[in-house]
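The structure under discussion appears below in the form of structure tokens.
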Number of protein chains: 2
Amino acid sequence: MALGERKEAILKIIVNEYIAGAMPIASKDIAYNYNLKVSPATVRNDVAYLEEQDYVMRPHPSAGTMPTDKAYRHYVETLSWDVELPPIEQDLLYELLREAKEETEQWLKLAAVLLARFVRNVAVITLPKAPQCRFKRLDLVALQDFVALLILVLYEARVRQKILSFNKRITQDDLTMLANKLNSVYAGMTNSEILAKKTEFSPEERQVTACVVDTMATEDKLEHGKPFLEGLHLMLSQPEFAQNPRMLSLLELLEEGDWLGNIPRPELDKRELRIIIGKENPDEALQDLSLIIAEYGIPDKARGIVGVVGPKRMDYARAISSVNCLSSLLTESVAEYI
Amino acid sequence: MALGERKEAILKIIVNEYIAGAMPIASKDIAYNYNLKVSPATVRNDVAYLEEQDYVMRPHPSAGTMPTDKAYRHYVETLSWDVELPPIEQDLLYELLREAKEETEQWLKLAAVLLARFVRNVAVITLPKAPQCRFKRLDLVALQDFVALLILVLYEARVRQKILSFNKRITQDDLTMLANKLNSVYAGMTNSEILAKKTEFSPEERQVTACVVDTMATEDKLEHGKPFLEGLHLMLSQPEFAQNPRMLSLLELLEEGDWLGNIPRPELDKRELRIIIGKENPDEALQDLSLIIAEYGIPDKARGIVGVVGPKRMDYARAISSVNCLSSLLTESVAEYI
DNA sequence: TTTAGCAGTCACAGAAGGAGAGTGCTAAAT
DNA sequence: ATTTAGCACTCTCCTTCTGTGACTGCTAAA
């Protein structure tokens, strides 16, 4: 299955050139610009072989060649995945993120914006999430005579809020006592443990509990935390999106759909970084794109996804190193407040 | 300045037809399809006058006419702004929104999604916000030995969270006591009142106070709450966005920029609904579009913006009635938990 | 003031042609 | 067996040209 040294080199040139210019590559250019010591005719022979093996294709018979999915796959396989961003850029990222560190959710959004700018494509980051959420604490704030705000804090510093309407007038003091009681009973519990707990409760306590259980159940059902999606305009300004229809269906998918759910998840424990190229993607609207995704966080505690979405013709080395770098930064930060 | 009855009618037909079809309208079609009892030649004379007065223009000399900004302006001025959505649709909106009512922020997002679908354009809704925020309550949750989560609740049920790192080990009990103290001292205060308050404080208390002050100052500085922007793909699938460049600069503006800041704000007290057409917009990238925005909420307490962004050629009647309806629904809901 | 009639203008679509890019093939050279 | 030069061939792309159809603007009569 080996291609031979020169064919390998030529394939790499084709992929690199296409990534850089989004135009089919001519054999002449390969031969002359890369100092291969062979004539264009020889290159043509090799390229013909690559075409036969489905590594490259032509938009029309008398055009140059462009890589197929198989070529990209081959390309990333032979790429060193351990590349790192230049230290200067790593520091830059680190500095930019450090300032906003105490902002929790906003922090992740900022991270997504920065990642998007770094790779000039769409960045996606989900909130970290435990497989089973655990009750940390709740607080009740009186809003009106019959209405209160429930603030539910789960482990991993996740905060959820709900409005509650009671059937009787209730003061902030009542609410505080109620919160204290539930806090001492439910501390550290999972949802099923809370459900199993049988304690003597007042109607209000039962109502709050129901709301907590409900909220936690919703959390547990979600496969991912809320995704931050940034840099759409960066990706869509690439030449492959010159005609609209493509762009629109994509926009719709990314904006509305739960496309992340369909994507095979990389596994954190294995330090895995997953690359999904074109047709490898289960989602049809994504089959012209490549995804690079990694997990961050702490296994069994809190895991989120960080990734890049872009045309197949993307700078894989840069995307990989950026995702890796961000994944480390995010993991670090999650560890700090888990 | 009056146009005369027939010219008025013809102008209205042109706007309506162009809204429906996005194509220049021919005088023949106007005369025959609308039963005007005059010949196309007469219509042509009138249209020539309208063109002279800058109400209509032609993409090229031998084409039909399409409305100018001035025509749209005239059109909406003569439109009845008090139109309401059909009751069935109002009920639908109401029902769809009722289910998720306790979710606060998510609720507004859903409202934006629904509005976008109703008008098949971009919907924007900002979180309600008071001119001066007031401290309602805070809670401190121990995350690690030196790290705590500060949950700050402001009036209007706005919740903000921050991570705090202390210099000494601190337990949940310490934190609870600290929170109780600050809660009793700061209840109901604005930021400047908190700053003016001179009480004997421990270093930790001072640190938390500083964080609270900082967060509230940031809130006060923002002119709008976080905007929810939905339905981009709906708007961008309209024919006016067939070529990309236009679409991209727009996408960038909406995604990144603080375009809302530049827009003259409608005033709630006057039950105002503001319509901004094309060139009337200060933002250049929005000058092909129309905005319809209203405020919702309660004057001096909590106000947010609800609006629609779309091509100038949009269904104004529907957009206006939808925004009106949503503005009422949102105002109602804000009143419930202020 | 309105209308019919008609010449005139312009966009658009399709055909035709030329230029250029790049290949595939063949036959000779290494 | 591999590499190379040379050349005919193919196909896209751009430009030009032309005919058609859609509308108008104007004029002169109703």
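So you know, we letter chains A, B, ... as the sequences are listed, proteins then strands, and number each from 1.
At distances below 3.5 Å, at least one donor-acceptor pair connects side-chain atoms of S237(A) with backbone N or O atoms of H233(A). Of the possible polar contacts, none joining the R318(A) side chain to the L85(A) backbone as a donor-acceptor pair under 3.5 Å is found.
Defined by atom type and a distance below 3.5 Å, a donor-acceptor pair is missing between the side-chain atoms of D29(B) and Y34(B). Using modelled atom types, one finds a donor on one side chain and an acceptor on the other under 3.5 Å when comparing R313(A) with Q238(A). For Y72(B) and E77(B), the side-chain atoms include no donor-acceptor pair closer than 3.5 Å. Between Y18(A) and T65(A), the side chains place no donor N or O within less than 3.5 Å of an acceptor N or O (distance only, hydrogens not considered).
Between T42(B) and A63(A), it is T42(B) whose nearest contact on DNA chain C lies nearer the 5' terminus. The 5' end of DNA chain C is approached more closely, in terms of each residue's nearest nucleotide, by D46(B) than by the other of D46(B) and A48(A).
Residues L234(B) and V122(B) form no side-chain contact, since every pair of their non-hydrogen atoms from C-beta on lies 4.5 Å or further apart. Side-chain contact between L248(A) and E252(A) is absent, with no heavy-atom pair separated by less than 4.5 Å.
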Legend entry - Contact state string [nucleotides 5-11 of chain C, B base, S sugar-phosphate only, - no protein heavy atom under 4.0 Å]: B---BBS

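R58(A) has no side-chain polar atom (N or O) that falls below the 4.0 Å cut-off from OP1 or OP2 of dT12(D). Residue S39(A) places at least one side-chain N or O under 4.0 Å from the OP1 or OP2 atom of dT4(D). Proximity of R6(A) to the phosphate of dT2(D): no side-chain N or O atom is located under 4.0 Å from OP1 or OP2.
Across dA4(C), dT23(C), dT4(D), the shortest atom-to-atom separation from the side chain of N45(A) is found for dT4(D).
Nucleotide dT26(C) has dA5(D) as its partner under the Watson-Crick or G-U criteria, with both atom distances under 3.5 Å.
Put simply, CD on E52(A) is 17 Å from P on dT23(C), counting in whole angstrom units.
Interface residues of residues 12-38 of chain B facing DNA chain C, ordered by number: K37(B), V38(B); criterion, heavy-atom separation under 4.0 Å.
A cation-pi arrangement is present between K70(B) and Y55(B) under the rule of less than 6.0 angstrom and at most 45 degrees off the ring axis.
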